[in-house]
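Right, one structure below, let's go through it.
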Amino acid sequence: MNDQTLHTATSKADSPALRRPLGVAPLTVMVVEDSEDVRLMMRILLEMEGYRVIEAADGMQAVEMAINERPALIMMDLNLPLLDGLAATGRIRQHLSDVPVVALSGHVTDDYRLAAFAAGCTDYLVKPLDFNHLHNILNSLS
């Protein structure tokens, strides 16, 4: 076993989803993203960390799925069809006030960031994603 393998094994064991006792269901993360490729990448990343992943491709589907599934975390793209991420977050907040919603955006301006927080987002990640920041968000779920 080399140093890289040891580091990977250690960091995987430290993952909050992987520290869960046997028999306890993994936490659910909902990925709301209209890009199928980005959803797939997020699914793979989150499942490797031990999370159950559900997906929505538009804002309307996200609202319905969030209310029915009550995920532990919602990763919300802001630019979505049918209902944008800000409006979807607002509707979700009417039913789920305690679920963290992380905005995902390609925009780095303060206007977008402030709008996301005003809509009810609890954090803001700029695409391409900062995986260290994402890992910190996931660690806060435990």
Side-chain angles (χ1 to χ4, degrees), residues 3-142:
D3 289 342
Q4 180 61 33
T5 306
L6 180 59
H7 174 71
T8 301
T10 303
S11 60
K12 281 232 164 267
D14 291 340
S15 172
L18 298 177
R19 287 192 307 244
R20 302 182 74 66
L22 290 176
V24 174
L27 295 176
T28 299
V29 175
M30 183 168 74
V31 175
V32 185
E33 170 64 59
D34 59 328
S35 167
E36 189 173 344
D37 291 340
V38 174
R39 280 197 322 270
L40 176 62
M41 185 231 14
M42 293 292 297
R43 171 183 282 285
I44 291 168
L45 174 77
L46 292 165
E47 286 179 345
M48 285 176 53
E49 291 290 324
Y51 294 93
R52 175 180 171 253
V53 179
I54 57 176
E55 302 173 25
D58 64 64
M60 295 297 287
Q61 185 183 31
V63 173
E64 182 180 330
M65 190 174 289
I67 293 167
N68 291 333
E69 294 281 339
R70 304 183 80 76
L73 174 69
I74 300 170
M75 308 287 294
M76 178 72 71
D77 183 22
L78 296 185
N79 187 21
L80 295 168
L82 301 182
L83 185 66
D84 71 36
L86 297 177
T89 298
R91 289 188 187 182
I92 290 168
R93 284 288 176 235
Q94 293 173 1
H95 302 275
L96 303 173
S97 60
D98 59 335
V99 174
V101 178
V102 178
L104 304 175
S105 177
H107 300 283
V108 294
T109 65
D110 284 340
D111 290 344
Y112 280 93
R113 189 180 305 272
L114 292 172
F117 287 121
C121 292
T122 54
D123 211 330
Y124 191 93
L125 287 176
V126 177
K127 298 177 192 176
L129 297 180
D130 174 348
F131 291 107
N132 288 328
H133 190 164
L134 177 58
H135 190 71
N136 290 339
I137 292 167
L138 294 171
N139 280 337
S140 72
L141 294 177
S142 57

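All residue numbers refer to positions in the sequence shown, counting from 1. No experiment lies behind these values; they were computed from the predicted model shown.
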- Message: Counting neighbours of CE on Met60 that are heavy atoms of other residues, nucleotides or ligands and sit closer than 6.0 Å, is the number greater than 12?
- Response: no
- Item | Ile74 vs Ile92 side-chain heavy atoms within contact, under 4.5 Å | yes
- Option from Leu83, Leu82, Leu96 for which side-chain contact (heavy atoms from CB on, under 4.5 Å) with Val63 holds: Leu83
- Can you tell which of Met42, Met75, Arg39 makes a side-chain contact (heavy atoms from CB on, under 4.5 Å) with Glu55? Arg39
- Task: Sort and list the pairs that fulfil side chain to side chain donor-acceptor pair (under 3.5 Å) and have at least one residue in residues 87-115, not counting sequence neighbours.
- Result: Ser105-Tyr124
- Query: For Val101, does its backbone N or O pair with a side-chain atom of Thr122 as donor and acceptor, under 3.5 Å?
  - Reply: yes
- Task: State, with a plain yes or no, whether a side-chain heavy atom of Leu45 is found less than 4.5 Å away from one of Leu129.
- Result: no
- Message: If you define the side chain from C-beta out and look only at heavy atoms, does anything of Leu125 sit under 4.5 Å from His133?
- Response: yes
- Can you pull the salt bridge (Lys or Arg N to Asp or Glu O under 4.0 Å) pairs that have at least one residue in residues 117-138, sequence neighbours excluded? Glu33-Lys127, Asp77-Lys127
- Message: Test of understanding: with side-chain contact (heavy atoms from CB on, under 4.5 Å), list the residues that count as partners of Ala62, not counting sequence neighbours.
- Response: Met30, Val32, Ala56, Met76
- Query: Leu27 versus Leu73: any side-chain heavy-atom pair under 4.5 Å?
  - Reply: no
- Separation between CG (Leu80) and CG (Leu86), nearest 0.5 Å, reads 9.5 Å
- Heavy-atom closest pair, residues Cys121 and Ala103: SG-CB, 3.8 Å
- Query: What pairs meet the side chain to side chain donor-acceptor pair (under 3.5 Å) rule with one or both residues in residues 58-72, with sequence neighbours excluded?
  - Reply: Arg52-Glu69
- Going by heavy atoms in the side chains, are Leu138 and Leu46 under 4.5 Å from each other? yes
- Applying side-chain hydrogen bond (donor to acceptor under 3.5 Å, both in side chains), name anything that partners Asp84, two or more places apart in sequence or on another chain. none
- Minimal heavy-atom distance between Pro100 and Leu141, with the atoms involved, is CG-CD2, 4.2 Å
- Query: Considering residues at least two apart in sequence or located in another chain, which fulfil the side-chain contact (heavy atoms from CB on, under 4.5 Å) criterion with Ile44?
  - Reply: Leu40, Met48
